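Notes to accompany the following structure.
Because the structure is a prediction, the values reported are computed rather than measured. Numbers restart at 1 for each chain; the letters A, B, ... are given by sequence-line order, proteins then strands.
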Number of protein chains: 2
Amino acid sequence: MDMRRLVGRNVRKARQAKGLTQEQLAEGAGFSQKYVSDLERGFENPTVITLFELAQRLDTTPVALITPDEEAIREAAKANGPRTK
Amino acid sequence: MDMRRLVGRNVRKARQAKGLTQEQLAEGAGFSQKYVSDLERGFENPTVITLFELAQRLDTTPVALITPDEEAIREAAKANGPRTK
DNA sequence: TGAGTTTATTACCTATAGTTCATAAGGTCT
DNA sequence: AGACCTTATGAACTATAGGTAATAAACTCA
């Protein structure tokens, strides 16, 4: 499970769902636009406090931001091999 | 929401539920006993990758490790003030 | 009491999370 | 074509995640 890419996808989806730009999310949550960009592309390994601050600005929860999405589930299935009970 | 303390409590509960010592969890997950001790007492701010590695050794998920427990819910209620619909 | 096990704590070190400033690249719209 | 908005990327910096080694403090239990 690539946690960086998972969080990146979840953050991008949540941000777009609220119609925010990276700049708006960044300023509202106290980060730089560069960081949001790197984060969404799966280049960052955020801490739980960072997750919490992002979640607040996105009106969601830290749990939602690390919850596996379709992509993560497909990746996990491939990693475990098909037919792993 | 104090994420450090929340994760600390969740890790400690999960570790004790499996009957592991801090040393055993640490070695199994690739950390030091000191780190597990600091983590459980709420002095650390783990990254999502650290959460994932801990979860694997504890046979649980990163989501479970940051899911609010009774204590966190009580704290949150106090912070928002009673009677916040 | 003491030995043995587990957890807490101190001091110091390295790697990296997240920063700023700047610019490039990609869209959209007239 | 341009101006404009948004996202991506580079270099260099500071703060902190997580490391090692050692020791102190707690807690069993014979």
Per-nt protein contacts along nucleotides 21-30 of chain D (heavy atom under 4.0 Å; B base, S backbone sugar-phosphate only, - none) come out as B---------
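- For DNA chain C, none of the residues of residues 5-20 of chain A falls under the heavy-atom distance limit of 4.0 Å.
- When the nearest nucleotides of DNA chain C are assigned to B/I49 and B/S37 by heavy-atom distance, the more 5′-ward of the two goes with B/S37.
- Straight-line distance from the CZ atom of A/F43 to the C1' atom of C/dT16: 16 Å, rounded to whole Å.
- Judged by closest nucleotide on DNA chain D, A/E23 is the one of A/E23 and B/L39 placed further toward the 5' end.
- Taking 4.5 Å as the limit, every side-chain heavy atom of B/F52 sits out of range of all side-chain heavy atoms of A/I66.
- Contacts between residues 24-31 of chain B and DNA chain D, counted as heavy-atom distances below 4.0 Å, involve B/G30, B/F31.
- A/R12 places no side-chain N or O within 3.5 Å of a backbone atom of A/G8 that could act as its donor or acceptor partner.
- Applying the 4.0 Å criterion to OP1 and OP2 of C/dT16, one finds that B/T47 has every side-chain N and O outside that range.
- More than 12 heavy atoms of other residues, nucleotides or ligands lie within 6.0 Å of CZ in A/R15, so this atom counts as buried by the packing criterion.
- Residue A/S32 has a polar side-chain atom (N or O) positioned under 4.0 Å from OP1 or OP2 of C/dT19.
- The backbone N or O of B/T67 sits less than 3.5 Å from a side-chain atom of B/N10, completing a donor-acceptor pair.
- Looking at A/Q16, its side chain never comes within 3.5 Å of a backbone N or O of A/K13 through a donor-acceptor pair.
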